[in-house]
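Start at 1 and go down the list; that is how both ligands and their atoms are numbered. Quick caveat: nothing in here was measured; it's all calculated off a predicted structure.
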Amino acid sequence: MIKYANRFILMVLLITTMACQSNTAENAPGKTPLADPEATEQTRALFYNLQELAKDNILFGHQDDLAYGVNWINEPGRSDIKAVAGSYPAVYGWELGDLGNAGAKQNLDDVDFEQMKGWIKEGYRRGGVITLSWHMDNPVSGGSSWDTTDAINQMIPGGARHDHYKKMLDRFADFINDLKVTSNGTEVMVPVIFRPFHEHTGGWFWWGEGHVSPDNYKKVWRFTVEYLRSEKDLHNLLYAYSPSSPVEYDYQKYWEKYPGDQYVDLLGFDHYHHSEATSSQIRELGDALGWLVRQAEERNKIAALTEGGFEGIPDEDWWTDVVLASINADPKAKGIAYALFWRNAPNSKNPGHYFAPYPGQMSADNFKQFVDDPLILLEDELPDLYE
Ligand code: BMA
């Protein structure tokens, strides 16, 4: 009897220990449920490390940083952020517009796709974070993202342009499959935060407000995730949901077309300034960021300001007095993992269309102060995010 009683106690102990272990394991580093349950080790590490780092820091990001700046195009090693602040940005945004078109060599802003792959690998090797947006051409009309001809309704499974959309995703997969780097003798895929169908709460893109029902938006999103992870076997993607800024609408609307927690890893929004910010606008942005961080915490996601800026930055103290002030306006707002500022288009192509400083720009000194704040990280301050 005693023998059996001992065995019974042992079994109970064993089961309890196993239950405790699996409980801990669920919340342990790298075990957070992701949209892709088969995400690579580096991708899981990125997710978990960003969540951790977000508790004390915000990574500064810049779109197209290595491809061009206000006064230059395509000069190896150059970056407007590095020229002003001494380090590359911590997050690199890249844009895939035109990638879906057969034979396209460049994106809609003339960035060569082969070079872009090189810059993505370069940023990753230095420890930076990569995020991709896609101003996708309209798969029905062949027009740009801003051509609002009905499209999503035909792209979903069963729709007339569904096979065409799959071909676009096949080209995306070919691009992603080229993002391989060898580290310590092992080949790894560069983890990428993919941000499809962004700013859909606004009406300017064909996937936006007024051009698609909530159901069909969710359908196309879920199909995209399922196709990429199951058919194309891509396991280095985190998926970012990024409507336009909720200061422009009722917060409830943020969720109207949300495809579901199983299909999203990062909750973001895009927020632009179009004039000198008033104190109530600073407060509103702070509130919205704080709200976003709380939503992300509840759902075990990452929060981020996925895109933004003030074109031409015509305010010499903008970085501290508006960006930092907004982040400090709500105690939770500093919990965003990163803030990505939009591109510095070359003056020769798109004069005045820049969102980060370059040497001599009126906000350059203030930008240095901003990135010197212990909260804000550039690439040279990053811990290893991939382990
Ligand atoms: C927009 C502008 C456009 C650009 C597009 C994609 O916001 O910067 O000039 O073509 O993003 O990068």
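Remark: ligand 1 and Trp342 share an N or O pair separated by less than 3.5 Å (distance only, no angle test). Among the atoms of Arg343, some N or O lies under 3.5 angstrom from an N or O of ligand 1.
For Gln63, the closest heavy-atom approach to ligand 1 does not fall below 4.0 Å.
The distance from ligand 1 to the heavy atoms of Leu108 drops below 4.0 Å at these ligand atoms: 6 (C), 10 (O). Listed by atom number, the atoms of ligand 1 under 4.0 Å from Asp109 heavy atoms are 4 (C), 6 (C), 10 (O), 12 (O). Heavy-atom contacts of His353 reach the following atoms of ligand 1: 2 (C), 8 (O), 9 (O) (cutoff under 4.0 Å).
Taking the six-membered ring where the residue is Trp, Trp94 and Tyr92 present parallel rings, their angle staying beneath 30° rather than reaching 60°. Ring geometry for Trp342 versus His135: interplanar angle of 30 to 60°, hence tilted.
Taking the six-membered ring wherever Trp is involved, the centroid distance between the rings of Trp221 and Tyr263 does not fall below 6.0 Å. Checked against the 6.0 Å centroid threshold, Tyr241 and Tyr258 count as a close aromatic pair.
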- request: Give the C-alpha distance, both sets of side-chain angles, the deciding distance and a yes or no for salt bridge (Lys or Arg N to Asp or Glu O under 4.0 Å) between Asp330 and Arg294.
  value: CA-CA 11 Å; Asp330 180 294; Arg294 279 186 284 273; 3.6 Å; yes
